[in-house]
Asks: 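Structure provided below as structure tokens; questions to follow.
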Amino acid sequence: MPEFTLVKERTMKLSKLVGDRFKERPANCQIDSHALMVRGGYIKNVANGIYSQFPPMKRISQKIEAIIRDEMDKIDGQEVLFPVALPGSLWEESGRYESVGSELLRFTDRTGSKMVLGMTHEEASVQLVREYANSYAKYPFMIYQIQTKFRDEARPRAGLIRVREFTMKDAYSFHTSQEDLEQYYHKCYDAYCRIFARCGIPEVAVVKSDSGMMGGNISHEYMLLTPAGEDSIAICPECGYSANVEAAESIVENENKLPKEELKEVPTPHAGTIEELCDFLKIPAENTAKAVVYQRNEDDTFVVAFIRGDLDINEAKLTKVVGCDIHPADIVDDSVLTAGFIGPVGISDKVTVFFDSSLKGIDYLVTGANKVDTHYTGFNVERDCGDVEYYDLAKIAEGGICPQCGKKTITISRGIEVGNIFQLGTKYSKAMNFTYTDENGETQYPIMGCYGIGVGRMAASICEVRHDDFGPIWPITIAPWQVHICCLRSDDEECKAYADNLYETLQNKGIEVIYDDRKARPGAMFADADLLGVPVRVVVSPRNMGEGVVEISTRDKSIQQKTPTDDAVTEVENIIAQLKEQIYSHVK
């Protein structure tokens, strides 16, 4: 594997490093990585969800970007750069200017023209190449950028993991056939696995995902499993199946068979919830048809999804079926719906109704009668509503049936999305009238793929899974420096002379070194070293000098040894090589 060494610095001493480090955990830091990055002098909050980066964080980002560039170039990617500010007309072409919600920051320039801040760059990529790529002979190709983006996130949290302004690598590939896209998609799939392994997190899980606002039919997310994650992942330990719960198929068995009865209206006073209803009628939740109500963002019309009473609606699945963004309904007194008693029989024709597949084949259900304090018993979907279409709208649950092997082995874990890849198809090329002439002289729409990695999010995620109580434990390939020299007595002539010489020698060999030359107490030095998380630490002290040794250790404490001063440089080189080999052993 190639090595990436930043520009050699002749004066990277801790006494001159911009940024302070703190002992106390900052307030309002919900997860460890956020707290450690603030405490360690990596980032500083500027505004809600917006951060500046101090030198250690900038160096980590540069290392990650170098690895990404190398892997993108290996699969024939060509680096470009799109603007941060884009004309709104481009997003109007794709239809996303109106369809995307308030997370897209819209504004007008001094001439009154509509503008947006790029939160993703599909439109810009099409605009860049649609005149160039007008012949089949120009295909396939992939372009990528590493650029600042802005998403007006409603609830920024967790430091760099959920922010408003962020740095991202996004790539866009263009093809003349679905088969060619799928072949290239597989190349990107593998390249992403190599990127994460080289960055020190080979355990990243690849899961099927929902394409959301990006569009397309096939997409995968790269999830770093951690309790601090915001996403829920369905995993089958038996067969290896994994998917974001937003995309995982929910398969249920309707085992609770009550005998079929005639549809009957019954009073159910004060039973407006499933729990109250089941308690009142002495039936299991599996024999109820629950109504979950949403409204379309575009016109506030009602959408009602009926689902088995013990299950929950997957909002992402429902959004996809509805075909537009939705939000939980606000049912007022004069609404066409009766809150708490909504059912499919006699429901208003002003409401769009969907049935979850969990209701299929159940002979006896209890559902709302669209009257206050009233339900129907004996409800049967096929008999009472006719030939309806069923949809997979439910969330997969812990202990649920695996869609791949059919066993009841699903477990739900938390994870952070560190990358994603999508097969976009012709969604953007058609919308933006991007065509080429094929070998038969016919006009065709290019087929697209897109591939994203958040740089800052990946750094924060790595910190989240690679730290102890004292600070980050950075993998050698992305650490801000490779070696941290602590001179415990810079006022001791012999100590300082040796530490100065070691610093110069290591730098001359191309090793990245930070040198703590301050007149500080050993405890303060070691605390700062822990917060900086540099993989290899060398301690120079009068006692060690008296013994003719230095102390060499790794940040993860897997190595702790005393080494003769004459052998220190060679031993440091050996340990660095060993740490790199541990990383590369996971790269396939």
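Source: prediction; values computed, not measured.
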Asks: Closer than 4.0 angstrom, basic N to acidic O: yes or no for Asp530 and Arg537?
Replies: yes
Asks: Do Arg69 and Glu79 meet the salt-bridge criterion of a basic N to acidic O distance under 4.0 Å?
Replies: yes
Asks: Between Phe434 and Phe174, how do the two ring planes meet: parallel, tilted or perpendicular, split at 30° and 60°?
Replies: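 Answer is perpendicular, since the angle exceeds 60°.
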Asks: If you look only at distance, which donor and acceptor atoms sit under 3.5 Å apart when one is on a side chain in residues 446-471 and the other is two or more places apart or in another chain?
Replies:
residue: Tyr451; atom: OH; partner: Ser173; partner atom: OG; Å: 2.6
residue: Arg457; atom: NE; partner: Ile161; partner atom: O; Å: 2.8
residue: Arg457; atom: NH1; partner: Glu417; partner atom: O; Å: 3.0
residue: Arg457; atom: NH2; partner: Ile161; partner atom: O; Å: 2.7
residue: Ser461; atom: OG; partner: Arg457; partner atom: O; Å: 2.7
residue: Glu464; atom: OE1; partner: Ser33; partner atom: N; Å: 2.9
residue: Glu464; atom: OE1; partner: Ser33; partner atom: OG; Å: 2.7
residue: Arg466; atom: NE; partner: Gly200; partner atom: O; Å: 3.4
residue: Arg466; atom: NH1; partner: Glu203; partner atom: OE2; Å: 3.1
residue: Arg466; atom: NH2; partner: Gly200; partner atom: O; Å: 3.0
residue: Arg466; atom: NH2; partner: Glu203; partner atom: OE1; Å: 3.0
residue: Arg466; atom: NH2; partner: Glu203; partner atom: OE2; Å: 2.9
residue: His467; atom: ND1; partner: Cys463; partner atom: O; Å: 2.9
residue: His467; atom: ND1; partner: Glu464; partner atom: O; Å: 3.0
residue: His467; atom: NE2; partner: Asp32; partner atom: OD2; Å: 3.1
residue: Asp468; atom: OD1; partner: Phe470; partner atom: N; Å: 2.8
residue: Asp468; atom: OD1; partner: Gly471; partner atom: N; Å: 3.1
residue: Asp468; atom: OD1; partner: Arg555; partner atom: NH2; Å: 2.7
residue: Asp468; atom: OD2; partner: Arg555; partner atom: NH1; Å: 2.9
residue: Asp468; atom: OD2; partner: Arg555; partner atom: NH2; Å: 3.4

Asks: Please find the pair of heavy atoms, one from Ile396 and one from Ala248, that lie closest to each other, and give the distance.
Replies: CG2-CB, 3.8 Å
Asks: State whether Lys317 and Asp392 are salt-bridged, where the test is any N-O pair (Lys NZ or Arg NE/NH1/NH2 against Asp/Glu carboxylate O) under 4.0 Å.
Replies: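 A salt bridge links Lys317 with Asp392.
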Asks: Thinking salt bridges, do Asp190 and Lys588 make one under a 4.0 Å N-O criterion?
Replies: no
Asks: Under 4.5 Å between any side-chain heavy atoms of Met12 and Val513, yes or no?
Replies: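 They are not in side-chain contact.
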Asks: Any donor-acceptor pair under 3.5 Å linking the side-chain atoms of Asp170 with those of Gln145?
Replies: yes
Asks: Restricting to salt bridge (charged side-chain N to carboxylate O under 4.0 Å, His left out), what partner residues turn up for Arg130, sequence neighbours left out?
Replies: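 Salt bridge (charged side-chain N to carboxylate O under 4.0 Å, His left out) list for Arg130, sorted by chain: Glu93.
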Asks: For a quick check under 3.5 Å, do Gln444 and Asp438 share a side-chain donor-acceptor pair by atom type?
Replies: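 Their side chains do contain a donor-acceptor pair, which is all the 3.5 Å distance test asks for.
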Asks: Among residues at least two apart in sequence or on other chains, which ones pass side chain to side chain contact (heavy atoms under 4.5 Å, CB included) with Asp76?
Replies: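 Counting only residues at least two positions away or on another chain, Asp76 forms no side chain to side chain contact (heavy atoms under 4.5 Å, CB included).
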Asks: Within the 3.5 Å criterion, strictly below it, is a donor on Glu123 or Gln127 matched to an acceptor on the partner's side chain?
Replies: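 No, because no side-chain N or O of Glu123 sits under 3.5 Å from a partner of the opposite role on Gln127.
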Asks: Any donor-acceptor pair under 3.5 Å linking the side-chain atoms of Glu122 with those of Thr120?
Replies: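 Present: a donor and an acceptor within the cut-off.
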Asks: So which heavy atom on Arg96 is nearest to which on Arg106, and how close?
Replies: O-NH2, 4.2 Å
Asks: Is a salt bridge present between Glu92 and Lys114, judged by a nitrogen-to-oxygen distance below 4.0 Å?
Replies: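 Salt bridge: yes.
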Asks: With heavy-atom distances below 4.5 Å as the criterion, would you say the side chains of Tyr241 and Ile235 are in contact?
Replies: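 A side-chain contact is absent here, since even the closest heavy-atom pair is not under 4.5 Å.
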Asks: Within the 3.5 Å criterion, strictly below it, is a donor on Tyr192 or His220 matched to an acceptor on the partner's side chain?
Replies: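 No, because no side-chain N or O of Tyr192 sits under 3.5 Å from a partner of the opposite role on His220.
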